[in-house]
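Report on the following structure.
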Amino acid sequence: MNTKTKLIVITGASSGFGLELAKEFAKDGYPLLLLARRVEKMEALHLPNTICKKVDVRDKEAFEAAVREAEEQYGKADLLINNAGVMLLGDLSTQDSNEWKTMLDINVMGVMNGMQIVMNDMKERESGTIINVSSIAGVQAFGNHAAYCASKFGVIGLTRTVRGELSPYNVRVLSILPGAVSTELLSHTTDQGIIDGYNTWKEEVGAVNITANDVAKTIKFTYELPQGVSLREIIITDTKQDA
Ligand code: NDP
């Protein structure tokens, strides 16, 4: 096992991409700070050199406290992966506006919270990486995705802008835009008809072969490129996904 010493912070590490990221980085011995609301799922991984904290990314104070505590132990965060997110699909004409707010607060404000917590130290050190998980729905429209698209397009705009702010300081600000991958993400949508339609589409297209682990390995590869190499935006989908 390689032993890496730089602290990596992963939000949304209790399932899906985040959980696979935690496992992949732990294989190389990186110290980790894992954040999500279901802390027991992260603790159950029993990863070495790992702090797990129950943090809602909307709570900036708690988010920052967790990062500072991990930094006391492992040194400044070298990588933040803003992965936590929710997808509540709905037709804009009928969807409850509380669902829009939940998505914008978690998917956009949560990412902004994370960026502000680590970016000034990175700027000062002239090193570090922030990777924001957007979506192919951050550059493309999909039916029933209006508010989700608003949040993920938001992440792209945010990432591109902050990249401009931090690139003079040698800090990388990247985004990854996955297509459909089977995780828990769809399960929070409250409209069963939309869930059924999405699953039917996946079966018809056959676009279910790409895994959360494939996405995690791609993110890890991107981070492990030299600091002077910025793989700015990666769209990663199942080969059979045509939209
Ligand atoms: P999952 O639902 O499996 O994982 C989402 C993670 O985010 C969970 O660990 C969840 O933890 C966490 N999370 C959600 N809300 C909060 C919150 N308020 N505070 C802290 N953590 C939170 O989905 P994925 O792994 O698929 O999603 C990860 C990211 O990838 C999301 O940003 C999603 O939008 C994006 N994405 C996913 C795609 C897919 O097809 N799967 C495609 C494109 C992008 P907990 O509930 O314990 O807090």
Side-chain angles (χ1 to χ4, degrees), residues 9-24 32-45 52-64 66-67 80-89 98-99 101-114 117 131-140 142 144-145 147-156 158-159 175-189 195 198-199 201-202 205 207-219 233-238 240-241 243:
V9 181
I10 304 170
T11 70
S14 61
S15 72
F17 301 162
L19 188 140
E20 292 301 321
L21 281 162
K23 290 197 289 192
E24 283 304 314
L32 300 176
L33 171 63
L34 306 182
L35 306 175
R37 293 165 299 180
R38 291 169 299 169
V39 70
E40 65 289 347
K41 291 205 170 252
M42 301 182 292
E43 287 169 349
L45 296 171
C52 303
K53 288 280 174 189
K54 180 183 171 74
V55 165
D56 185 318
V57 293
R58 289 170 288 192
D59 181 348
K60 183 157 183 270
E61 216 171 285
F63 193 165
E64 179 153 22
V67 171
L80 166 66
I81 307 173
N82 276 313
N83 164 72
V86 288
M87 181 176 76
L88 307 169
L89 299 182
N98 287 319
E99 294 195 349
K101 181 164 167 36
T102 301
M103 272 185 287
L104 292 166
D105 284 349
I106 297 173
N107 299 2
V108 182
M109 294 290 285
V111 170
M112 291 165 80
N113 286 340
I117 288 165
I131 302 180
N132 295 330
V133 181
S134 176
S135 167
I136 194 166
V139 285
Q140 234 171 273
F142 292 90
N144 294 317
H145 281 59
Y148 184 69
C149 277
S151 74
K152 293 300 186 179
F153 270 69
V155 172
I156 295 293
L158 177 60
T159 309
S175 54
I176 183 149
L177 294 72
V181 182
S182 295
T183 63
E184 293 180 18
L185 192 69
L186 185 61
S187 66
H188 307 292
T189 289
I195 294 180
Y198 194 96
N199 284 329
W201 168 79
K202 281 204 285 190
V205 177
V208 289
N209 299 309
I210 188 170
T211 65
N213 186 262
D214 294 322
V215 175
K217 283 189 173 136
T218 304
I219 292 174
E233 280 175 15
I234 303 166
I235 299 180
I236 176 172
T237 71
D238 190 288
K240 286 189 170 182
Q241 180 170 346

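Whatever order the structure lists them in is the order used to number ligands and atoms, beginning at 1.
- Not a single salt bridge (Lys or Arg N to Asp or Glu O under 4.0 Å) links Lys217 to another residue, sequence neighbours left out.
- Asp56 pairs by the salt bridge (Lys or Arg N to Asp or Glu O under 4.0 Å) definition with Arg58, not counting sequence neighbours.
- Protein residues are said to neighbour a ligand when one of their heavy atoms lies under 4.0 Å from it; for ligand 1 these are Gly12, Ala13, Ser14, Ser15, Gly16, Phe17, Ala36, Arg37, Arg38, Val55, Asp56, Val57, Arg58, Asn83, Ala84, Gly85, Val86, Ile106, Val133, Ser134, Ser135, Tyr148, Lys152, Pro178, Gly179, Ala180, Val181, Thr183, Glu184, Leu185.
- Remark: side-chain polar atoms of Lys41 are not paired, donor with acceptor, to backbone N or O of Ala13 under 3.5 angstrom.
- Residues that satisfy the side-chain hydrogen bond (donor to acceptor under 3.5 Å, both in side chains) test with Ser182, not counting sequence neighbours, are Lys202.
- Proximity of a side-chain donor or acceptor of Asp214 to a complementary backbone N or O of Thr211 within less than 3.5 Å is detected.
- One N or O on the side chain of Thr11 and one on the backbone of Asn83 form a donor-acceptor pair closer than 3.5 Å.
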